[in-house]
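Shown next, in structure tokens, is the structure this report addresses.
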Amino acid sequence: MRVSQFFISTLKEAPTEAELISHKLMLRAGIIKRLGSGLYTWMPLGLRVLRKIENIVREEMNKSGAIELLMPAVQPAEIWHETGRWEVFGPQMLKIKDRHEHDFCFGPTHEEVITDIARREIKSYRQLPLNFYQIQTKFRDEIRPRFGVMRSREFIMQDAYSFHTDSTSLDQTYQLMFDAYNKIFSRIGLNFRAVSADPGAIGGSRSHEFHVLADSGEDAIAFCPDSDYAANIELAEALPLSKSPQTPAPTNSMQKIVTPNKKTCQEVANFLNVPLEETVKTLAVMANDKFFLLLLRGDHQLNELKVNKIPFLAGFQLATEQQILEKTGTVPGFIGPVGLDDCLIVDKAVMEMKNFVCGANEKDYHLTNVNFDRDIKTPDHVLDIRNVVSGDLSPDGKGQLEICRGIEIGHIFQLGNKYSKDMKANYLNESGQSKPMEMGCYGIGVSRIVAAAIEQHHDAQGIIFPLAIAPFQLVIVPIGLKKNAQVKAEVEKLYQEFSTANIEALLDDRDERPGVMFADMELIGIPHRIVVSERGLKAGNIEYRGRRDEESQAVPLADIVTFITSKLCTN
RNA sequence: CGGGGCGUAGCGCAGUUUGGUAGCGUACUUGCAUGGGGUGCAAGUGGUCGGAGGUUCAAAUCCUCUCGUCCCGACCA
């Protein structure tokens, strides 16, 4: 491709709207243009990257035995009523009406559509298992779109849905998809990790997320450096702090201390000059019209997901100030467990504390040297209700956890038979009985991968695309193209030779100064560059430089095509 | 939805406090020079100052409403 016949539009300065490095670079490189909040045009350069990713996904999905189809982006409300998700999905779903006032949505996902296909087409166990996939534009009306295509409203996703007679078959396909996804992300050139995840609103049992590791990621991941354990922090189990936990015996007597206006654990710890880990925070919640106090160590964070999984706390909400006053006689900031033994839910880590500080249930007072068994009755409910922190014991018993951040680029689920039951997607088994199909679903955020890859691969000059998804593999920068007939002749010849060798070369034939061409090509992240100049040709050389290289190297003109070909193979 | 910020040329910004009819850098156009890291000089093009209403002799500037957008929070396959 000649630059003069393509479309490149770069910016020296990034628009203020961009915060994230990948977002800035995508705008500066002219990969995307914003049309509205969470809505982006993929410019020609960006589309080439997107297509490369799609093709890798397509190849690996096909290899795994999945079959491609394409479902409508707009879906009728009826099928969503069948699963109850017309209401459940909430405002994230963009609902629209046609001219007859009939309800539709712009598909945020396609379980309903594919299950409708399955119930119409699949009648017999002999047709199973089947795995359908598509690469499609979806729309989710995010509360707050941000970071460009990282969290946009319209986005491109590969979604696959598998159908099975039983969970053994589902397990097999789940494993195939797990392997295929690993293959895909490796081929793209991402530094990623598969982590155990919560199945979330979509329902189901087993689930893994695939995360690109990046400090800017929106998700926190707990992993064990000494094993392959990795889980979303929402899911990671917090073990007791020590391997044989016990409640220590008190050594000091309880005291009531005046702590004027000190409401948070941090404020109290500073005021009393004690470590934050020796304070206990008390959260008042209501669940099923009953009042509970959740106790956590001062430096720990509540994990709402874990609390919601406790049957009698499901659907809990923070208590109002009115309710707190009624039950404890005080205001938030000074609540404590002493004297309220009956409604305590205690995190495991708290049970290993002694002589701790907590609210006194009286405004502007806290208690110090509080201890279980003596000041508080041994609680009935000691549970895991906190987020793990760096240094916690790994649930697989193989070391300590560390926390890192990740960008979710893929997610695989076992759905079971929720959708097949709701929508009566049944098949006849060997004995002629009608059974609901077992289902799995598997998704990759195709457009998000572009941002994630850039987040992981860039430098001060701009993007460094992994070869597999680069818009072009090579750029030819001529110096003196208009002035020097020999340069022009060699450049044209090389351009033809690369084309014949199936190398995707971009020829920068603009009448620009070398510095401009270098800067642009580095910004848009072309992995390999050759420079053709009068100076080089006199010595019989072409200059080569990889995007990550510190310096250029001279390559004999006669060898350059072979040289580049080998570069493309080894990378 | 709650809190905060910002809307002035394609992009980055000044001008708003104290009203007087719009400016800088860059990009773009033209010419000359230059030709290995965003080159130099010169001359140009481009803005109903987000929109509507109001105050005033006069509004980018003051007032009211409105729209858009970004950040923080709650949400999320």
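Proteins get letters first, then strands, A, B, ... in listed order; numbering begins at 1 in each. Keep in mind that what you see is a predicted model, and the values were worked out from it rather than measured.
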Should [N] form a Watson-Crick or G-U wobble pair with both distances under 3.5 Å, which nucleotide is its partner?
{"N": "B:rC32", "answer": "B:rG40"}
{"N": "B:rC6", "answer": "B:rG68"}
{"N": "B:rG46", "answer": "none"}
{"N": "B:rU61", "answer": "none"}
{"N": "B:rU18", "answer": "none"}
{"N": "B:rA74", "answer": "none"}
{"N": "B:rG12", "answer": "B:rC24"}

Give the rounded distance in Å between these two atoms: [atom1] of [X] and [atom2] of [N].
{"X": "A:Q92", "N": "B:rC1", "atom1": "CD", "atom2": "P", "value": "16 Å"}
{"X": "A:D141", "N": "B:rC1", "atom1": "CG", "atom2": "C1'", "value": "13 Å"}
{"X": "A:L35", "N": "B:rG68", "atom1": "CG", "atom2": "P", "value": "13 Å"}
{"X": "A:H23", "N": "B:rC70", "atom1": "NE2", "atom2": "P", "value": "8 Å"}
{"X": "A:E17", "N": "B:rG10", "atom1": "CD", "atom2": "P", "value": "15 Å"}
{"X": "A:K24", "N": "B:rC71", "atom1": "NZ", "atom2": "C1'", "value": "13 Å"}
{"X": "A:E13", "N": "B:rC24", "atom1": "CD", "atom2": "C1'", "value": "12 Å"}
{"X": "A:R85", "N": "B:rC76", "atom1": "CZ", "atom2": "C1'", "value": "13 Å"}

Is the shortest side-chain heavy-atom distance between [X] and [Y] below 4.5 Å?
{"X": "A:V446", "Y": "A:M157", "answer": "no"}
{"X": "A:L537", "Y": "A:L557", "answer": "yes"}
{"X": "A:L294", "Y": "A:D347", "answer": "no"}
{"X": "A:H208", "Y": "A:V195", "answer": "no"}
{"X": "A:V212", "Y": "A:E408", "answer": "no"}

Within a reach of under 6.0 Å around NZ of A:K33, are more than 12 heavy atoms found that belong to other residues, nucleotides or ligands?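 Atom NZ in A:K33 is packed in, count exceeds 12.
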In terms of ring plane angle, is the pair A:H23 and A:Y40 parallel, tilted or perpendicular, where the classes change at 30° and 60°?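 Because their plane-to-plane angle is over 60°, the rings of A:H23 and A:Y40 count as perpendicular.
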Under 4.0 Å, heavy atoms only, any strand: does [X] hit a base, just the sugar-phosphate, or nothing?
{"X": "A:Y442", "result": "nothing"}
{"X": "A:A18", "result": "nothing"}
{"X": "A:T16", "result": "sugar-phosphate"}
{"X": "A:R34", "result": "sugar-phosphate"}

Verdict with reasoning, A:M43 to A:L47, per side-chain contact (heavy atoms from CB on, under 4.5 Å) | CA-CA 6 Å; A:M43 297 300 282; A:L47 185 61; over 6 Å; no
Say we look at [N] and [M]: how far apart would their [atom1] atoms be, to the nearest angstrom?
{"N": "B:rA9", "M": "B:rA27", "atom1": "C1'", "answer": "10 Å"}
{"N": "B:rC76", "M": "B:rG12", "atom1": "C1'", "answer": "34 Å"}
{"N": "B:rU17", "M": "B:rU61", "atom1": "P", "answer": "9 Å"}
{"N": "B:rC67", "M": "B:rG23", "atom1": "C1'", "answer": "27 Å"}
{"N": "B:rC71", "M": "B:rU64", "atom1": "C1'", "answer": "27 Å"}
{"N": "B:rA14", "M": "B:rC57", "atom1": "P", "answer": "33 Å"}
{"N": "B:rA43", "M": "B:rU48", "atom1": "P", "answer": "25 Å"}
{"N": "B:rU55", "M": "B:rC13", "atom1": "P", "answer": "35 Å"}

Identify all pairs in which a protein N or O lies below 3.5 Å from an N or O of nucleotides 72-74 of chain B, and state each distance.
from: B:rC72; atom 1: OP2; to: A:R144; atom 2: NH1; distance (Å): 2.9
from: B:rC72; atom 1: OP2; to: A:R144; atom 2: NH2; distance (Å): 2.5

*Exam field: side chain A:R206 to backbone A:F413, donor-acceptor pair closer than 3.5 Å*: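 No, the answer is negative, given that no donor and acceptor are paired below the 3.5 Å cut-off.
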| said: I need the minimum non-hydrogen distance between A:A160 and A:M61, along with the two atoms involved. | reply: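 Result for this residue pair: CB-CE, 3.7 Å.
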Determine whether the aromatic ring centres of residues A:Y544 and A:H528 are separated by less than 6.0 angstrom.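 Centroid separation for A:H528 and A:Y544: below 6.0 Å.
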### Query
So which one's nearest nucleotide on RNA chain B is more toward 5', A:R448 or A:A14?
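Result: A:A14.
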Under a 4.0 Å heavy-atom criterion, the protein footprint on nucleotides 33-43 of chain B, written with B, S and -, is -BBBBBB----
